[in-house]
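Notes for the one structure printed next.
In this text, all values refer to a predicted model and were calculated from it rather than measured experimentally. To find a chain, count down the sequence lines: A is the first, B the second, and so on, and within it residues start at 1. In what follows, every heavy atom counts, from backbone to side chain, and hydrogens, waters and symmetry copies are set aside.
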Number of protein chains: 2
Amino acid sequence: MTAPAQKNDTQTQRAYQTLKSLVMENKLKPSASYLETELAEMLGMSRTPVREATLQLQSEGFLSIRPRHGIIVLPISIEDMQDIYDLLTELEPYAAEKVARAGLGAEAHDLLMSHVGAMDAALEADDLVAWADADQAFHMDLVRFAGNARLSKIIGTFWDQVHRARIATLTLRPKPVCSNEDHRKLVELVQAGNWKAARKLHRDHRENGKTMLLNLIKHHNLSHL
Amino acid sequence: MTAPAQKNDTQTQRAYQTLKSLVMENKLKPSASYLETELAEMLGMSRTPVREATLQLQSEGFLSIRPRHGIIVLPISIEDMQDIYDLLTELEPYAAEKVARAGLGAEAHDLLMSHVGAMDAALEADDLVAWADADQAFHMDLVRFAGNARLSKIIGTFWDQVHRARIATLTLRPKPVCSNEDHRKLVELVQAGNWKAARKLHRDHRENGKTMLLNLIKHHNLSHL
DNA sequence: TCAGACTTTAATGCATACATTAATTAATGC
DNA sequence: GCATTAATTAATGTATGCATTAAAGTCTGA
C-alpha cells in the first residue's frame with residue numbers, strides 16, 4: 001500500500017498520516033476548506049498537532065493554508081500533472097539506469113518480480129485498485145534500489161500527489177496489459193545491466209503513461225481532481 | 001542572495017528564515033544539537049513557532065529532531081553531496097532544455113546575462129562569495145524560466161543544502177573562469193533554441209562542478225561539513 | 001566494583017488560554 | 001440606496017502550563 005507503515009506514536013504523526021490518507025483517498029474533497037478547529041475535532045485532538053501536521057502537508061504540496069480562509073485541499077490541475085509527470089519522466093529512468101549500473105541483487109529482483117506478479121493477478125481478477133497499488137509498489141521499490149534517499153522521497157511525494165488522478169482514471173483507461181509487459185521487460189534489462197536500454201524503456205513507459213493520463217483527463221473534462 | 005525575501009510577518013516564518021540562514025551560514029554548527037528552549041530564547045520567542053519552524057526544516061533536510069537528544073544541525077556528508085549533485089545533474093540540464101525549447105524572452109535573457117556580468121565582476125574583484133551568489137542566482141533563474149514550480153523548489157532546496165560545502169571549498173578551488181564561460185555559452189545555446197547542445201553543456205558543466213567539489217572534499221578531508 | 005532497581009530531573013508533546021487581526025456585519029452619512 | 005466607516009465576531013498566532021516519559025543520577029546488594 002501507499003502508507004509507509006510508520007509508528008504513529010505522537011498525535012502530530014497520527015494527524016499527518018490520517019490527513020494525508022484522507023486527502024489521497026478523496027475523503028477530504030479538493031478545493032474544500034476546513035478550519036483548524038474542525039480538523040482537530042474530526043481527529044479528536046487539539047489544534048496544536050493538527051497545525052503541525054497541516055504545515056507539513058502544505059510544504060509537501062497537499063494542502064494550502066490560507067489564514068482566515070481555511071485549510072484547503074489542493075486540487076490537482078492538468079498543469080500539475082504535466083509538471084509532475086515531466087519530472088518523473090526524467091527521474092525514474094535515471095533511477096532505473098542507476099540500478100542497472102549497480103546491479104540487482106537476488107532479493108531485489110524477486111521483490112520487483114513479486115510486484116509484477118501482483119499486477120498480473122490483479123489484472124486477472126479485474127481489481128484495478130490492487131493493480132495500481134502493485135504498480136506503485138514496483139516503481140517505488142525500483143527507485144529505492146537506486147540508493148538515493150532524496151530521490152526516493154521526491155518521487156514518492158509525486159506519486160502520492162497524483163494518486164487521486166490515477167485512481168480516478170483507472171476505470172476509464174484501457175486495461176494496462178502492455179504496462180505489465182513493460183515492467184517485466186524492465187526488470188530483465190536492469191538485471192542484465194543494460195542501463196541504456198533500461199533507461200530508454202522506462203522513459204518510454206513513463207511518457208506513454210503520461211500521455212494517456214493527460215488525454216483521459218482532457219477528454220473526460222476532469223479538470224480539478 | 002540566497003534568502004528569497006519573504007514577508008516575515010509571523011514568528012514561525014521569522015524562526016524558519018532565521019534558523020535556515022544560521023544553518024546555511026554555518027552559524028549553527030553541523031552535528032551540534034540544541035534544545036527547543038535554547039532556540040526559542042536565542043530567537044526571542046516561545047517554543048511554539050520554533051517547533052513549527054524546525055519541523056519544516058527537518059522535512060527539508062536541514063535539521064534532525066531527535067526527541068530528548070535535541071535538534072541537530074545535519075552535517076552534509078560526501079554521500080549527501082553525491083546524491084544531490086547526481087540529481088542536479090539530471091534536473092538542471094532538463095530545465096535548460098525546456099527553456100531552450102520554449103524560447104528565452106528578452107528580459108529573461110538580460111536577467112541571466114546580468115548574473116553572468118556579476119560573476120565576471122566578482123571574479124575580477126576577487127570576491128568569491130559574490131561570485132557564488134551570482135552563480136546560484138543564475139542557475140535558480142534559469143530553472144525558474146522552465147516554468148515548473150516543483151522543479152524550482154526541489155533544485156532550490158538542493159542548492160541550499162550544499163551551500164555550506166560550496167562556500168567552504170570556494171577558496172580551495174581554482175578560480176572559476178571556465179565556469180563563467182560555460183554560463184555565457186549556455187545562455188547563447190538556450191537563446192538559439194539549441195536544446196540538445198544546451199542540455200549537454202549544462203550536464204557537462206554540472207558534472208565538472210561535482211567532480212571538482214567531491215575531489216576537494218576528499219583531498220582536504222572535509223568529511224562532515 | 002559493578003549490575004540492577006529506584007529516584008530525580010527535565011525536555012518534549014499536547015492542550016489551552018489569550019491576544020491579534022482579518023472578515024463580517026451593522027451603522028452612519030451622503 | 002449606496003458607499004464608507006465603525007463594531008462585532010471568530011480564526012489564527014503565540015505563549016504558557018501541565019502531564020508524560022526518557023535520560024541521568026543515586027542507591028543497594030552482591
Check: Rounded to the nearest Å, what distance is computed from the CD atom of residue A:Glu38 to the P atom of nucleotide D:dA10?
Finding: 14 Å
Checklist line | Atom pair distance, as rounded to whole Å: CG in B:Leu35 and C1' in C:dT9 | finding: 13 Å
Next item on the list: Output the single nucleotide from C:dA15, C:dT12, D:dT14 whose closest atom is nearest the side chain of A:Ser46.
Entry: C:dA15
Next item on the list: Can you tell me the distance, in whole Å, between the CD atom of B:Glu41 and the C1' atom of D:dT16?
Entry: 15 Å
Next item on the list: Give the rounded distance in Å between these two atoms: CD of A:Glu52 and P of D:dT14.
Entry: 13 Å
Item checked: C:dC30 pairs with, by Watson-Crick or G-U criteria that keep both distances under 3.5 Å -> D:dG1
Notebook entry, point to check: Is the distance from OP1 or OP2 of D:dT14 to the nearest side-chain N or O of B:Arg47 less than 4.0 Å?
Noted result: no
Check: Taking NZ, NE, NH1 and NH2 as the nitrogens, is one of them in A:Glu92 or A:Lys210 under 4.0 Å from a carboxylate oxygen of the other?
Finding: no
Next item on the list: Measure the distance from CG on B:Asp9 to P on C:dT20 and round it to the nearest whole Å.
Entry: 16 Å
Item checked: Any B:Thr48 side-chain nitrogen or oxygen under 4.0 Å from OP1 or OP2 of D:dG13 -> no
Check: Think A:Gln11 has a side-chain N or O under 4.0 angstrom from the OP1 or OP2 of C:dA15?
Finding: yes
Note to self: If I take atom CD1 in residue B:Ile72 and atom C1' in nucleotide C:dA11, what distance separates them, rounded to the nearest angstrom?
What the structure shows: 14 Å
Note to self: Without decimals, in angstroms, what is the distance between B:Ile65 CD1 and C:dA11 P?
What the structure shows: 16 Å
Check: Hey, which of these two, A:His69 or B:Tyr34, hits DNA chain C nearer its 5' end, going by closest nucleotide?
Finding: B:Tyr34
Item checked: Mutual orientation of the aromatic rings belonging to A:His205 and A:His183 [parallel < 30°, tilted 30-60°, perpendicular > 60°] -> perpendicular
Checklist line | Main-chain N/O of B:Gln56 paired to B:Ser59 side chain as donor or acceptor, under 3.5 Å | finding: yes
Checklist line | Whole-Å gap separating P (D:dT12) and CD (A:Glu36) | finding: 5 Å
Next item on the list: Report the nucleotide, chosen from D:dA23, D:dT14, C:dC14, that has the shortest atom-to-atom distance to any side-chain atom of B:Thr10.
Entry: D:dT14
Margin query: Using side-chain heavy atoms (C-beta onward) and a distance below 4.5 Å, is A:Gln161 in contact with B:Arg150?
Written below: yes
Checklist line | Main-chain N/O of A:Ser77 paired with A:Asp80 side-chain donor or acceptor, under 3.5 Å | finding: yes
Next item on the list: Answer yes or no: does a side-chain N or O of A:Arg68 lie under 4.0 Å from OP1 or OP2 of D:dA10?
Entry: no
